[in-house]
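Data block below; observations after.
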2 protein chains.
Amino acid sequence: MTINAIFEALSHPVRRDILKMLRAGPLSAGDLARNFDLTKPTLSVHFAKLREAELVSVERQGTSLIYHLNMSILEEALSGFLAFKEPKP
Amino acid sequence: MTINAIFEALSHPVRRDILKMLRAGPLSAGDLARNFDLTKPTLSVHFAKLREAELVSVERQGTSLIYHLNMSILEEALSGFLAFKEPKP
DNA sequence: CGCCTAATTAGATATCCTTCTAATTAGAGT
DNA sequence: ACTCTAATTAGAAGGATATCTAATTAGGCG
């Protein structure tokens, strides 16, 4: 997890929308994908970037992958940058 | 000014570093540029993106352009996104 | 096992981003 | 007007990103 990966992940509107949806609670990849006018593979790539930044975590439930928002990472990164603090050593 | 332009602007480490430097007070384009291992035209492009997002404002002083941090825009955008609020209508 | 659904990975293409050098604009001073 | 310094804009090259279709992995169930 780097501050770089986090801001990189936040730079795309689709990925920010994904985070907003997850705010209400965990959702499967398919349920998330249904909300966009993009193919599932495209969404998978966006999920991967969010995972890389550790802004979301995944849990398997049968054949589905359930995505959870990692609010603490998001909060630390954004409020940390607002205060111009360095990331935790 | 759009939330999109703001997160786009924040996505590059050089631009985030520029904002950090401006935290301490206004600086000229040249003074900012001296801190990076990049040419001045390259920095100019980064400045332009920050202006576009209205994260900085510019004021001319003789032949120099002085950049100021627009803290309120940054704060509203980041804390707004953290709270998952919509941007001001 | 064979098949169906859910999702990701691979490969290809088009677009966007970053960076450079060269050219241009703008102000100050002689 | 000329020249010097400060900075931006233009144009081009290279690398990275987003998106699609096709192929692959993984789990559940008859």
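Here is the naming used below: chain letters follow the sequence lines, and residue numbers restart at 1 for every chain.
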Rounded to the nearest Å, what distance is computed from the [atom1] atom of residue [X] to the [atom2] atom of nucleotide [N]?
{"X": "R51(B)", "N": "dA7(D)", "atom1": "CZ", "atom2": "P", "answer": "12 Å"}
{"X": "N4(A)", "N": "dA16(D)", "atom1": "CG", "atom2": "C1'", "answer": "13 Å"}
{"X": "E59(B)", "N": "dT8(D)", "atom1": "CD", "atom2": "P", "answer": "14 Å"}
{"X": "R15(B)", "N": "dT19(C)", "atom1": "CZ", "atom2": "C1'", "answer": "12 Å"}
{"X": "D37(A)", "N": "dC20(D)", "atom1": "CG", "atom2": "P", "answer": "8 Å"}
{"X": "H12(B)", "N": "dC17(C)", "atom1": "NE2", "atom2": "C1'", "answer": "8 Å"}
{"X": "R16(A)", "N": "dA18(D)", "atom1": "CZ", "atom2": "P", "answer": "12 Å"}
{"X": "E52(B)", "N": "dT9(D)", "atom1": "CD", "atom2": "P", "answer": "11 Å"}

Inset, instruction - Pick base, sugar-phosphate or nothing for E8(A), based on heavy-atom distances below 4.0 Å to the nucleic acid. - result: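 If one applies the 4.0 Å heavy-atom cut-off, E8(A) turns out to touch the sugar-phosphate alone, with no base involved.
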
Inset, instruction - Describe the nucleic acid contact of S64(B) in one word from base, sugar-phosphate, nothing, applying a heavy-atom distance below 4.0 Å. - result: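 The residue S64(B) makes sugar-phosphate contact but no base contact.
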
Are any of [X]'s side-chain N or O atoms less than 4.0 Å away from OP1 or OP2 of [N]?
{"X": "S28(B)", "N": "dA7(D)", "answer": "yes"}
{"X": "K40(B)", "N": "dT19(C)", "answer": "no"}
{"X": "H46(B)", "N": "dT19(C)", "answer": "yes"}
{"X": "R60(B)", "N": "dA6(D)", "answer": "no"}
{"X": "T63(B)", "N": "dA26(C)", "answer": "no"}
{"X": "Y67(B)", "N": "dA6(D)", "answer": "no"}
{"X": "T39(A)", "N": "dT19(D)", "answer": "no"}
{"X": "S44(B)", "N": "dA7(D)", "answer": "no"}

Legend entry - Listed nucleotide nearest any side-chain atom of V45(B), set dT19(D), dT19(C), dT8(C):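 From the listed options, dT19(C) comes nearest.
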
